[in-house]
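Proteins come first, then strands; the chains are lettered A, B, ... in the order of their sequence lines, and each starts at number 1. These numbers come from a predicted model, not from an experiment.
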Amino acid sequence: MTAVIDIQGLRFAYAEATVLEDVNLSIQDGEFLGLVGPNAGGKSTLLKLILGLLEPQAGRIRVLGHSPRRARRRLGYVPQYPAFPRDFPIRVEDVVLMGRLGTGHGLLGRVGRYRSADRQAVRQALREVEAAELIGRQIGTLSGGQMQRVLLARALVGDPAILILDEPTANIDQRMEGEIFDLLATLNRRMTIIVVSHDIAFISGYVSRVACLNRTLLCHATDDIDGQMINELYGEEVRQISHEHSHAHGHEHSHGHSHADVHGQAQPRSPAPVAVSRGHAHA
Amino acid sequence: MPMPEFFSALASQGFLQQALLAGLLASLGCGLVGPFVVVKRIAFLAGGIAHSVLGGMGAAVYFGIDPLLGALVAAILAALLIGGVRLAWRTGEDTLIGALWAIGMAVGILFISRTPGYATDLMSFLFGNILLVPVRELWFMAGLDLLLLLTVVAFYRQFVAVAFDEEFARLRGVPVAFFYLLLLVLVAVTVVLMIQVVGLILVIALLTLPAAVAGQWTQSIAGMMLTATLLGAALTSSGLALSYAPDLPAGPTIILLAGALYVVSALIAGARARYRARRAALQRVAGGHGPGTGARPPA
C-alpha cells in the first residue's frame, strides 16, 4: 500500500486562533478514513488544507505525490453545506456537469460547451448515486437527501482518486444516512475515501480507520479509542454503555460495539456525539 | 393614439431608426451580462461602476476626446479596482464602491464645469439621450456587443461555475480570480453600452430588471440570457415608441416600463409559488407523499 495523502508537522491558524498544530497523518490507497472530533476541532479546516483551499503556516502536505493545488483536480469534494443559493436558476444536470470542468485538454478543451462525453459521464454518475431521475430537476426543488446525492455525483463525475466528504449526512434523516454510507462503501472499492463526521458510533460500521481530531490528532485507529481518549477528544466526563449494536437499516455488521456517550459538550447543530470503539467491549 | 405617429416617423426619420437600433444593441448587453449581476448579487457593485464612469466622461469632454471612450476606460478601471480589493481582502468592498460612486461623479462634474458649452451634455450623460445617437456610436456599441458575445460564448461554463459556487470552481482548476475580474470588466463594458440609451443613473435598472424577470420564469443562465435580451429589446423599443408622441424623455420611460414589468412578474411568480405549495400540501394529505419540498420558493 502506498500513501495517497501524507501530512507532516502541520500547523494552521486563522489570524490569532490556532486551529491545528503538529498534525501528522498518512492515508493509504484504498482506505476509508473517518475523521471525527468536536465542533471547531479543525476537521473542516484539515479538509480544506488537503484540498489546497487554505495554505498551512507550517508543515507539509503531499497529495498523490504532489502539492494539494496540483493534485486537487483528482480529488472529489462534497461540502457540508451547499455553497450556492437554492434559488439559482440551474438544473441538476448542469450542476453535476461542473464536476467535469478541468477535465478537458488545451485551449479548445476549455472554451465553449460541454462535450457529449461529459453529458454521458453525468448520466453515469447520477445512476451510480441512484438519482438518475433527478437529471432535469431544478436544484431548488430537491429535498436534503436528493441534494446530497447530486453533490456526491458532482464530486464523482470527474473520476477522482480520492473522495472527500465533510459531514455528508448532517442535514438528512437517519434512513437516508444509511443509504449514503452504503453507497460510499461501494465506492470505496475503487477509491480512497475520507469522511468527516461527529458521530463515531454510526461511521464505525463503515470506515476502515478513525482519526480523532481536536487541534491535533489524538488517535489513528478504531481500536485505540477508550474512555481516556474520548475524554481527551471531547474534554468531558463520559458515560460509557456497552450494548449490542445494530442499525435500523440493517447492513452487515453485527459484532459488538461499546458506546460512550459524551455529555455536557455544547453542540449547537448536532446531537451529543457518541463514540464507539470497534471490536472491543469497554465496560 | 401616439403609436401610429411613432411608426410613420420611424419609416421616414433616420434619427429614430438609429435610436431603435441603439436600444436593440443595448439589449444584447443587458441580456448577456444582466443575469450574472442578478444571480451573483452584485447590483450595488454595478451601480458603483456606472456612476464612477462620469469621471471618465467629464475628463474626456475636457480634453476633447470621445466621452464614450473616457467612459469605457473609467468603467474598466473602477471594475478592476473594486474586484481587486474584494479578492485581496475578501471584505470591505462596499465602502470602496460607495467612495468610487461619489468620487467619480464629483470628478466628472468638476471637469464638465471647466468645459465651456458642455453643461447641457450633463443631463444626457446622467439620463441618456437615445434620440441623439450618431451612427459612429452605433458601430462602437456593435463592437462592444461583439466583444461581450464572444467572451460569454467562449467561457460560458467558467462564468456559470464561478457565479454558482466559487469554491467548487476553484477545486476544478478554474482560475476564479481571473474570471471574476473578467466578469466585472464585462459589467463595465455593458454599463458603457447602455449609457447612451438610459444614462448612467438609470443603467442599473436596465442591467438588473429584465434579467430578474427572466430569472422568475427560466431554469438556466442561458435561458435567462435569451429571455432578458428579448425583454430588453421589447422594453427599449416600446419605451421609445410610448415617449415619442408626448415628447417624454425616452430613458425614464423605458425604466418605468421595466419597473412595472418587474412588479407584475414578481406578483404572478409569487402567486404561482403559493399555488404549487398548496397543491403539494394537498397531495401529501390526500395520497401518501407528494413531491415533498417540491414547491420552488419564491425568487
Where does B/V38 contact chain A at under 4.5 Å (heavy atoms): side chain, backbone, both or neither? neither
Taking everything shown except A/R74 itself, do over 12 heavy atoms lie less than 6.0 Å from its CZ? no
More than 12 heavy atoms of other groups within 6.0 Å of B/F44 CZ: yes
Highest number of heavy-atom pairs under 4.5 Å with chain A among B/A222, B/G223, B/G173 belongs to B/G173
So for B/Y156, is it side chain, backbone, both, or neither that comes closer than 4.5 Å to the heavy atoms of chain A? neither
What part of B/A169 is in contact with chain A, defined as an atom under 4.5 angstrom from a non-hydrogen atom: side chain, backbone, both or neither? neither
Under a 4.5 Å heavy-atom cutoff, which of A/A155, A/P79, A/P82, A/G99 has the most pairs with chain B? A/G99
How far apart are the closest heavy atoms of B/T218 and A/P89, and which atoms are they? O-CB, 3.9 Å
How long is the straight-line distance from CD of B/E167 back to CZ of A/F84, given to the nearest 0.5 Å? 11.5 Å
Chain B contact via A/L97 - which portion, at a heavy-atom distance below 4.5 Å: neither
Do A/L51 and B/R170 have side chains that approach each other closer than 4.5 Å (heavy atoms only, starting at C-beta)? no
Looking only at heavy atoms and a cut-off of under 4.5 Å, which of B/V39, B/L171, B/D165, B/V174 has the most pairs with chain A? B/L171
Check whether A/R69 gets within reach of chain B through its side chain, its backbone, both or neither, counting any heavy atom under 4.5 Å. neither
So does A/R73 get a backbone contact from the side chain of B/R172, meaning a donor-acceptor N/O pair under 3.5 Å? yes
Enter the distance from A/R91:CZ to B/Q219:CD here, rounded to the nearest 0.5 Å. 6.0 Å
Write down the atom of B/A161, the atom of A/M98, and the distance for their closest heavy-atom approach. CA-SD, 3.9 Å
As an exercise, state the distance from CD1 of B/I221 to CD1 of A/I90, rounded to the nearest 0.5 Å. 7.0 Å
Just wondering, more than 12 heavy atoms not from A/K48 lying within 6.0 Å of its NZ? no
Give the C-alpha distance, both sets of side-chain angles, the deciding distance and a yes or no for side chain to side chain contact (heavy atoms under 4.5 Å, CB included) between A/V95 and B/F164. CA-CA 9 Å; A/V95 172; B/F164 182 66; 3.8 Å; yes
So which atom in A/D87 and which in B/R41 form the shortest heavy-atom distance, rounded to 0.1 Å? OD1-NH2, 3.3 Å
Going by the side chain to side chain contact (heavy atoms under 4.5 Å, CB included) test, name the single residue among A/D94, A/V111, A/L101 that passes it with B/R157. A/L101
